[in-house]
Amino acid sequence: MSGAEAVMWAHLAQARAIGAETERLCQLLFAVEGRVGQRKLWGIVHLADRHPRQMVNAACARALEDGVHSYRHVKAITEQLVAQALERL
């Protein structure tokens, strides 16, 4: 296994730890877009460093439903979900 493959598998493992929908979206991104998808995958996985994992996973589920498979879309949804949760406090 090459270094790039090892990194990709590590990121997919991180996506799996976030949730099933995150893993599904990240696998799709890498399968369809290759290296470009890997960069998006990295960004999505690292959203969980700044936001609750359940919010990132919910955002990935919505992105899959919307048919918009981009880091920016997932980030925007995640930030929206976090803002809504904070409003309810």
**Item:** Within one Ile-Leu-Val-Met-Phe-Trp-Tyr cluster: W9 and F30, side-chain cutoff 4.5 Å
**Value:** yes
**Prompt:** Out of curiosity, does L86 fall in the hydrophobic cluster containing V56 (side-chain heavy atoms, cut-off under 4.5 Å, transitive links)?
**Reply:**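 Unlinked, V56 and L86 end up in two clusters.
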**Which atom of H69 lies closest to which atom of L29, heavy atoms considered** =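 So the minimum-distance heavy-atom pair works out to O-CD2, 3.1 Å.
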**Asked** When L25 is tested against each of N57, L41, I18, L64 for side-chain contact (heavy atoms from CB on, under 4.5 Å), which residue passes?
**Response**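 Passing option: L64.
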Cut-off 3.5 Å, no hydrogens considered: what does the side-chain donor-acceptor table look like for residues 43-54, sequence neighbours left out?
unit_1	atom_1	unit_2	atom_2	d
H46	ND1	D49	OD2	2.7
H46	NE2	W42	NE1	3.0
R53	NH1	A17	O	3.3

**Message:** I need the C26 SG to Q38 CD distance, nearest 0.5 Å.
**Reply:**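 Separation between the atoms: 10.5 Å.
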**Item:** Approximate separation, where rounding is to 0.5 Å, of K40 NZ and R72 CZ
**Value:** 10.0 Å
**Partner residues of R24 under the salt bridge (Lys or Arg N to Asp or Glu O under 4.0 Å) criterion, sequence neighbours left out** =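 With sequence neighbours excluded, R24 shows a salt bridge (Lys or Arg N to Asp or Glu O under 4.0 Å) to E21, given in chain and number order.
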**Item:** By salt bridge (Lys or Arg N to Asp or Glu O under 4.0 Å) - contacts of R16 (at least two apart)
**Value:**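 Partners of R16 under the salt bridge (Lys or Arg N to Asp or Glu O under 4.0 Å) test: E23.
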**Request:** In sequence, state the C-alpha distance, the side-chain angles, and the governing distance for L81 and Q84, and then conclude on side-chain contact (heavy atoms from CB on, under 4.5 Å).
**Result:** CA-CA 5 Å; L81 291 172; Q84 289 171 355; 3.9 Å; yes
**Prompt:** Given the rule in the side-chain contact (heavy atoms from CB on, under 4.5 Å) test, do Y71 and V74 qualify, once you have shown the distances and angles that lead to the verdict?
**Reply:** CA-CA 5 Å; Y71 162 74; V74 172; 5.7 Å; no
